[in-house]
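A note on names: the letters A, B, ... follow the listed sequences, proteins ahead of strands, and every chain is numbered from 1. Just so you know, these numbers use all the heavy atoms, side chains as well, and skip hydrogens, waters and symmetry mates.
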Amino acid sequence: QGRQTTLQLFFSGE
Amino acid sequence: MFEAKLTDGTIFKKIIEAIKDLVTDVNIDATPTGLSLQAMDSSHVALVNLHLGMEGFERYRCDRNLTLGISITNLAKVMKLVNQNDSITLKCEDEPTYLTIVCQNQKHDRTTQFNVNLITLDSEHLGIPETEYTSEITMNSGEFSKLCKELYALSETVEFEISTTFVKFAVEGEIGSGSIKIQTSADEAETSRPEDTVKLSFALRYLNLFNKAYSLSNQVKLSMAAETPLVVEYEVESLGTLKYYLAPKITD
């Protein structure tokens with residue numbers, strides 16, 4: 001079913 | 001001071017209903033041009049992004065930028081006071097400790113007012129990079145909602161594939177595997193960038209939470225690009241957009 005990623009992997013913190 | 005009046009208060013009620021199971025405490029940014037909100041769910045898998053432009057309000061005034069920290073859980077409770085056809089006004093002073101919500105019926109003979117206490121929150125703002133989505137599809141929001149609900153009974157994960165002529169939702173679970181393929185030649189669905197195909201997997205649990213927004217719009221737009229979170233977008237009639245971002249599942 002795959003591993004769930006988080007948004008921090010794609011978006012940068014501000 | 002800040003004051004924003006919507007003739008149809010149920011729109012705001014629906015928005016709160018559509019995000020309350022994803023995010024609990026949020027900062028609402030009020031600026032002279034409109035209201036916006038960005039918040040992630042506690043597991044940082046999904047993000048809610050709302051923008052309501054000032055033009056969509058019957059009355060809008062915001063003298064200076066304000067950050068209104070608010071419990072969505074509590075706001076949802078207050079929204080129960082909003083009846084069908086009520087107008088809703090949100091207002092507060094320049095250094096607010098509470099947000100005043102006023103609902104009024106069409107006959108103007110019933111007015112409900114509630115002051116919701118504001119809270120101070122650490123903002124956890126993520127920068128969403130400019131993304132060129134290679135696969136986009138607009139489809140009936142009710143159909144998308146129904147499909148996600150049905151697939152969740154069969155599997156936790158769904159694989160999206162958008163191609164030249166179809167969009168395909170595939171699942172694989174303990175009881176077997178299958179897919180729903182919708183031809184895009186029908187009016188209900190169309191690809192804007194037909195030459196590219198992307199396959200990505202997502203947790204259906206989150207898609208079902210996003211679909212609580214389906215009553216805001218007849219259509220939902222899905223945008224995908226390789227190795228990028230999915231965007232599920234609902235247009236809020238003449239007011240703005242409610243977008244959800246969902247991080248994909250990957251196979252190691």
Kindly check if the number of other-residue, nucleotide or ligand heavy atoms within 6.0 Å of CD (B/E17) is above 12?
yes
Answer yes or no: is there a side-chain heavy-atom contact under 4.5 Å between A/T5 and B/P248?
yes
Part of B/S43 lying under 4.5 Å from any heavy atom of chain A
backbone
Exactly one of B/V45, B/L126, B/D41 should register a side-chain contact (heavy atoms from CB on, under 4.5 Å) with A/L7. Which one does?
B/L126
I'd like to know whether OH of B/Y214 has more than 12 heavy-atom contacts from other residues, nucleotides or ligands below 6.0 angstrom.
no
Taking atom CD of B/E172 as the centre, report whether more than 12 heavy atoms of other residues, nucleotides or ligands fall under 6.0 Å from it.
no
Please check if the distance between the ring centroids of A/F10 and B/Y245 is under 6.0 Å.
no
Looking at every non-hydrogen atom in both residues, tell me the closest pair between A/Q4 and B/A203 and how far apart they are.
OE1-CB, 3.7 Å
Hey, could you give me the CD/CG distance between A/Q8 and B/L47, rounded to the nearest 0.5 Å?
10.0 Å
Tell me, yes or no, whether the heavy-atom count around B/D94 atom CG, taken from other residues, nucleotides or ligands under 6.0 Å, exceeds 12.
yes
Could you grab the distance from atom CZ of A/F11 to atom CD of B/Q38, nearest 0.5 Å is fine?
8.5 Å
When the 4.5 angstrom heavy-atom criterion is applied to B/E156 and chain A, the contacting part is both
Can you check whether A/R3 reaches B/K249 side chain to side chain, under 4.5 Å on heavy atoms?
no
Does any backbone or side-chain atom of B/T228 lie under 4.5 Å from a heavy atom of chain A? Answer side chain, backbone, both or neither.
backbone
